[in-house]
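Take a look at the structure set out below.
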Amino acid sequence: MKIATFNINGIKARLPRLLEWLEEAAPDVVCLQEIKSSDETFPRLEFETRDWHVETHGQKGFNGVALLARAPIREVLRGLPGDPEDHQARYIEADIGGVRVASIYAPNGNPAPGPKFDYKLAWLDRLITHARGLLALERPVVLAGDYNIIPTPQDCHDPDSWKDDALFRPESRAKWRTLIYQGWTDAIRQCHPVGDCFTFWDYQRGAWQRDDGIRIDHLLLSPQAADCLRAAEVDRLVRGREKASDHAPVWVRLALHDSKSGASGGKN
DNA sequence: ATGGTCGGCTTCCGA
């Protein structure tokens, strides 16, 4: 099973590029972030007519996440638990072919310090709490998305320039480490212990041309999913195309070995 | 020191 995450930065502007990448990359599951669309205006027919199952958790103009899958999508959870007052659409989770999959769009948090940074840290605390419960299921789980965290200096071209940024602040990286110490496997680093593996290049200042990137899109695997990990890659060439998102797709391939890996369904 | 680029929505905000 090939599971991908892709911050598309607007479904309306990215639809042709997304459809093109779906054809060539042939993932089984796609976690989308920043659809910047409500559920009502998301072009779900464009996907359903191409044999994708679609579930969205949208918001007009900003944020918004979605799941695309070849197999049926069941037991959908919309919104990150833990704060009934938080109405930002940043989390959707579901059962797909025996795997619990989440599409995550963590807050950016700039400027730091400030209320946006406080919201980011509180949101990550809620993610940490929810993730602990998912580990307790002892099932294959994949938490995929834009975490807006640069985990280590190795994960950016110029650490000095990110020193005071919410994506690289010690508080943000500490939240990341809390997740890792819970028992999640960072799939890209598992398969690529050294090297850049950037997933985002700013539109400004010729960041792509200078390869001034950062690694902020991650797939975290539960132990039961990590046991099945066969490959993890960044489709970085997608970033260099016309009308590209500022993020590249990232994916893992899992060799699921039990009967629950089939698409035949049923509750898990 | 500053400006630079996108997307969505509306004359600006978020990234």
Side-chain angles (χ1 to χ4, degrees), chain A residues 5-21 30-44 46 56-66 80 86-91 103-124 127 144-151 155-169 171-173 175-176 198-218 234-250:
Chain A
T5 179
F6 192 3
N7 181 323
I8 53 174
N9 191 16
I11 185 61
K12 211 161 88 181
R14 210 66 59 218
L15 187 60
R17 290 279 98 134
L18 175 57
L19 292 173
E20 170 187 74
W21 172 77
V30 184
C31 302
L32 298 176
Q33 299 87 36
E34 283 206 89
I35 62 175
K36 296 187 175 181
S37 147
S38 66
D39 295 333
E40 291 73 27
T41 55
F42 187 85
R44 62 162 49 232
E46 296 281 356
T56 60
H57 183 41
Q59 181 176 350
K60 188 183 178 184
F62 303 99
N63 305 324
V65 287
L80 181 64
D86 181 9
H87 300 298
Q88 297 195 32
R90 298 181 172 277
Y91 191 90
S103 180
I104 291 172
Y105 178 49
N108 175 294
N110 278 305
K116 289 188 173 182
F117 191 53
D118 295 341
Y119 172 67
K120 174 180 193 155
L121 297 178
W123 196 95
L124 290 170
L127 179 64
D146 178 358
Y147 283 72
N148 268 314
I149 300 173
I150 303 165
D155 298 307
C156 54
H157 178 260
D158 180 13
D160 268 356
S161 70
W162 291 94
K163 177 167 51 74
D164 300 317
D165 194 282
L167 280 60
F168 195 56
R169 294 265 302 205
E171 299 94 327
S172 305
R173 292 159 61 190
K175 302 299 182 195
W176 172 262
F198 298 150
T199 68
F200 170 92
W201 297 258
D202 201 292
Y203 286 127
Q204 301 185 68
R205 284 158 283 185
W208 168 251
Q209 287 75 12
R210 298 187 294 115
D211 196 22
D212 181 5
I214 55 177
R215 189 173 79 92
I216 56 173
D217 299 272
H218 309 296
V234 181
D235 284 346
R236 61 175 278 144
L237 291 181
V238 172
R239 176 62 182 85
R241 295 176 179 169
E242 289 298 315
K243 292 285 288 178
S245 169
D246 40 6
H247 295 252
V250 189

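Quick note on labels: first sequence line is chain A, next is B, and so on, each numbered from 1.
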Nearest to the [X] side chain among [options], which nucleotide is it?
X      : options              : result
A:N9   : B:dC9, B:dG4, B:dG7  : B:dG7
A:N108 : B:dC9, B:dG7, B:dA15 : B:dA15
A:Y203 : B:dC9, B:dC6, B:dG4  : B:dC6

Sugar-phosphate only, base, or nothing, as touched by A:Y105 at under 4.0 Å among non-hydrogen atoms: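 Since only primed, P, OP1 and OP2 atoms lie under 4.0 Å of A:Y105, the category is sugar-phosphate.
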Distance-minimising heavy-atom pair for A:D217 and A:H247: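 Here A:D217 and A:H247 meet closest at OD2-ND1, 2.8 Å.
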Given atom [atom1] of [X] and atom [atom2] of [N], what is their separation to the nearest angstrom?
X      : N      : atom1 : atom2 : answer
A:F42  : B:dG8  : CZ    : C1'   : 16 Å
A:N7   : B:dG8  : CG    : P     : 12 Å
A:K36  : B:dT10 : NZ    : C1'   : 14 Å
A:F200 : B:dT5  : CZ    : C1'   : 10 Å
A:K116 : B:dG14 : NZ    : C1'   : 6 Å
A:Q209 : B:dG4  : CD    : C1'   : 12 Å
A:I35  : B:dG7  : CD1   : P     : 16 Å
A:K120 : B:dA15 : NZ    : C1'   : 12 Å

5'-most by nearest nucleotide on DNA chain B - A:G109 or A:K12: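 Upstream on the strand: A:K12.
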DNA chain B: 5'-proximal contact among A:S37 and A:D202 (nearest heavy atom):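 The residue mapped nearer the 5' terminus is A:D202.
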Using the [atom1] atom as the point on both nucleotides, what is the distance between [M] and [N], in whole Å?
N      : M     : atom1 : answer
B:dT10 : B:dC6 : P     : 22 Å
B:dC12 : B:dA1 : C1'   : 24 Å
B:dT5  : B:dC9 : P     : 22 Å

Presence of A:R205 side-chain N/O under 4.0 Å of B:dT5 phosphate oxygens OP1/OP2: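 No, outside the criterion.
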Residues A:E20 and A:R241 bridged, charged N to O under 4.0 Å: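 Yes.
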Test item: side-chain donor near acceptor, A:T56 and A:D39, under 3.5 Å: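 Side chains of A:T56 and A:D39: pair found under 3.5 Å.
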Intermediate values then yes/no, side-chain contact (heavy atoms from CB on, under 4.5 Å), A:N9 and A:K36: CA-CA 7 Å; A:N9 191 16; A:K36 296 187 175 181; 2.9 Å; yes
Distance under 6.0 Å and angle within 45° of ring axis: A:R236 vs A:F198: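 The answer is no, since A:R236 fails at least one limit relative to A:F198.
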